[in-house]
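A short write-up of the structure that comes next.
Position 1 is the first residue of the sequence, and the numbers go up from there. Computed from a prediction, not measured in an experiment: that's the story for all the values here.
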Amino acid sequence: MSDKELVELAIKASEKAYVPYSHFPIGVAVRAKSDAVFTGCNIENVSFGLTNCGERTAIFKAVSEGCTVLSAIAIYGHSAKPISPCGACRQVMSEFFAPSAKVILIAEDGMTTVETTVEELLPYSFTDLT
């Protein structure tokens, strides 16, 4: 699957976001090393701490299907500028992506993108100390 198709899937995934409080949909598409693709969106809860970000939704879907080696992620936000994942999502990303894995951040126009890597988003990430 091409990066362009991954971006399109992330945008489409945002349509399923459950955002009655923030009204800020996020859509995500994750490509596994096997080339399987998983999508996710943010899912809010009135108890805000129980809200789940789109990045973690997509990653957890992949992991729950046995894909623990992920190669790219596209993140769409309903914002004029591309948005960056929160700290919790960055840490989860560091668990399942190589440091050099591609991260595509997408603005609401679907055309404005920024490409970065997991390591650039979270240098010196917490890793297994065993």
Scanning both residues in full, the closest heavy-atom pair of Ile106 with Ala74 reads CD1-CB, 3.9 Å

Quick one, Cys67 and Ser34 - any side-chain contact, counting heavy atoms below 4.5 Å? yes

How many angstroms lie between atom OG1 of Thr39 and atom NZ of Lys16, to the nearest 0.5 angstrom? 6.5 Å

Evaluate the side-chain proximity of Lys102 to Asp3: yes if any heavy-atom separation is below 4.5 Å, no if none is. yes

When you group the ILVMFWY residues by side-chain heavy-atom contacts below 4.5 Å and let the links chain together, are Phe60 and Val30 in the same group? yes

Can you confirm whether Val103 sits close enough to Met93 that some side-chain heavy atom of one is under 4.5 Å from a side-chain heavy atom of the other? yes

Less than 4.5 Å apart, any side-chain heavy atom of Tyr76 and any of Val7? no

Could you check whether any side-chain heavy atom of Glu15 comes within less than 4.5 Å of a side-chain heavy atom of Pro25, counting everything from C-beta outward? no

Testing the basics here: between Ile59 and Val92, what is the closest heavy-atom pair and its distance to 0.1 Å? CG2-CG1, 3.9 Å

Can you find a pair of side-chain heavy atoms, one from Cys41 and one from Thr57, that are under 4.5 Å apart? no

For the backbone of Cys89 and the side chain of Glu55, can you confirm whether one donor and one acceptor N or O come within less than 3.5 Å of each other? no

Rounded to the nearest 0.5 Å, what separates atom CD1 in Ile73 from atom CG in Leu105? 9.0 Å

Nearest 0.5 Å please: distance from the CG atom of Leu6 over to the CD1 atom of Ile104. 5.5 Å

Side chains of Leu121 and Ser84: closer than 4.5 Å at any heavy-atom pair? yes

Nearest-0.5 Å distance, CD1 of residue Ile43 to CD1 of residue Ile26: 12.5 Å

So, taking the atom named CG in Leu122 and the one named OG1 in Thr117, what distance separates them when rounded to the nearest 0.5 Å? 10.0 Å

Check the pair Arg56, Val28 against side chain to side chain contact (heavy atoms under 4.5 Å, CB included), reporting the backbone distance first and the verdict last. CA-CA 9 Å; Arg56 284 180 282 148; Val28 178; over 6 Å; no

Short side-chain to backbone donor-acceptor contact, Thr51 and Asn45, under 3.5 Å: yes

Side chain to side chain contact (heavy atoms under 4.5 Å, CB included) for Ser125 and Gln91? Distances and angles first, verdict last. CA-CA 7 Å; Ser125 65; Gln91 182 59 47; 4.2 Å; yes

Is there a side-chain contact between Phe24 and Ser79, using heavy atoms and a 4.5 Å cut-off? yes

